[in-house]
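Before any comments, here is the structure.
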Amino acid sequence: MALEQNQIEEIARYDEEKRLKYSVKTMVQERQIWILTDEHGCVMLNSEEEDCVPVWPNEEFALQWATGEWSECKAESISLNKWHSRWTMGLEDDELAVVVFPNQNEEGVVLFPDEFDFELKKQASKVR
């Protein structure tokens, strides 16, 4: 579902925790998670302690990052089922974390893959 410009602006003003809650809820509703990819695969961010895969709840927010050195990147959606079955374990095996909905200042909640998976499943159980 495409977002209106006023929705994008409002959501962009959310703090990290509110963006996390919005992301998890939206990802479960839409049954997809958005990442950015380039010719080498999924793009990464580095926090002080972790190498992270940034994820977004909407294509529009992922594409806002496709500028500068990432201008060649494409937004790609991953189904929730594929995330649970492949990505969580794969990220754990690679010792990578997830940064949920980083804003333009690279601020976002950093979670270990199993924590992120837990949040998604917890939200999904509320919806049923």
Side-chain angles (χ1 to χ4, degrees):
M1 186 174 80
L3 292 174
E4 305 279 331
Q5 186 59 37
N6 62 338
Q7 291 174 297
I8 292 171
E9 291 167 8
E10 179 185 342
I11 295 164
R13 289 191 292 270
Y14 290 177
D15 66 16
E16 291 178 21
E17 283 299 318
K18 196 167 179 180
R19 285 196 316 275
L20 172 63
K21 286 183 177 135
Y22 168 81
S23 295
V24 169
K25 186 175 183 181
T26 302
M27 290 166 176
V28 169
Q29 280 176 340
E30 302 290 326
R31 305 214 39 81
Q32 61 188 359
I33 296 168
W34 289 89
I35 61 169
L36 282 179
T37 61
D38 62 15
E39 70 273 9
H40 306 293
C42 182
V43 298
M44 308 276 287
L45 286 177
N46 303 87
S47 73
E48 292 173 18
E49 299 166 13
E50 304 290 339
D51 290 333
C52 304
V53 172
V55 296
W56 293 272
N58 313 86
E59 180 179 22
E60 293 88 342
F61 291 112
L63 288 174
Q64 285 181 351
W65 276 73
T67 61
E69 64 182 274
W70 290 6
S71 62
E72 300 296 313
C73 293
K74 308 259 182 280
E76 183 179 316
S77 69
I78 299 167
S79 74
L80 214 49
N81 289 342
K82 189 173 180 182
W83 185 273
H84 290 311
S85 67
R86 292 203 198 127
W87 279 74
T88 299
M89 197 179 313
L91 292 172
E92 286 176 341
D93 289 348
D94 292 340
E95 297 183 3
L96 298 172
V98 177
V99 59
V100 181
F101 198 167
N103 64 12
Q104 295 301 311
N105 298 325
E106 298 187 14
E107 299 165 334
V109 175
V110 176
L111 298 171
F112 290 109
D114 61 330
E115 294 171 320
F116 182 56
D117 205 57
F118 174 79
E119 292 298 323
L120 292 168
K121 288 177 177 173
K122 187 170 77 173
Q123 177 63 37
S125 72
K126 291 179 188 176
V127 176
R128 289 188 190 130

[X]: what forms a side chain to side chain donor-acceptor pair (under 3.5 Å) with it, not counting sequence neighbours?
| X | result |
| --- | --- |
| Glu92 | none |
| Asp114 | none |
| Tyr22 | Asn58 |

As an exercise, state the distance from [atom1] of [X] to [atom2] of [Y], rounded to the nearest 0.5 Å.
| X | Y | atom1 | atom2 | result |
| --- | --- | --- | --- | --- |
| Leu120 | Thr88 | CG | OG1 | 7.5 Å |
| Ser77 | Met27 | OG | CE | 11.5 Å |
| Trp34 | Phe61 | CH2 | CZ | 13.0 Å |

Give a yes or no on whether a salt bridge exists between Glu16 and Arg19, defined as a side-chain N under 4.0 angstrom from a carboxylate O. no

[X]: partners by side chain to side chain contact (heavy atoms under 4.5 Å, CB included), with sequence neighbours left out:
| X | answer |
| --- | --- |
| Ser79 | Asn81, Lys82 |
| Asn6 | Glu4 |
| Glu49 | none |
| Gln5 | Ile8, Glu9 |

Using a cut-off of 6.0 Å, state whether more than 12 heavy atoms not belonging to Tyr14 lie near its atom OH. yes

Salt bridge (Lys or Arg N to Asp or Glu O under 4.0 Å) pairs, two or more places apart, involving residues 61-76: none

Please, which pairs that meet ring-ring contact (aromatic ring centres under 6.0 Å, His included) have at least one residue in residues 65-87, sequence neighbours excluded? Trp56-Trp65, Trp65-Trp70, Trp83-Trp87, Trp83-Phe116

Would you mind reporting whether Leu96 and Pro113 have side-chain heavy atoms less than 4.5 Å apart? no

Just jot down the salt bridge (charged side-chain N to carboxylate O under 4.0 Å, His left out) partners of Glu50, sequence neighbours excluded, or say none. none

Which residues share a salt bridge (charged side-chain N to carboxylate O under 4.0 Å, His left out) with Lys18, sequence neighbours left out: none

Any pair with a residue in residues 93-102 that passes side chain to side chain donor-acceptor pair (under 3.5 Å), sequence neighbours left out, goes on the list, sorted by first then second residue, please. none

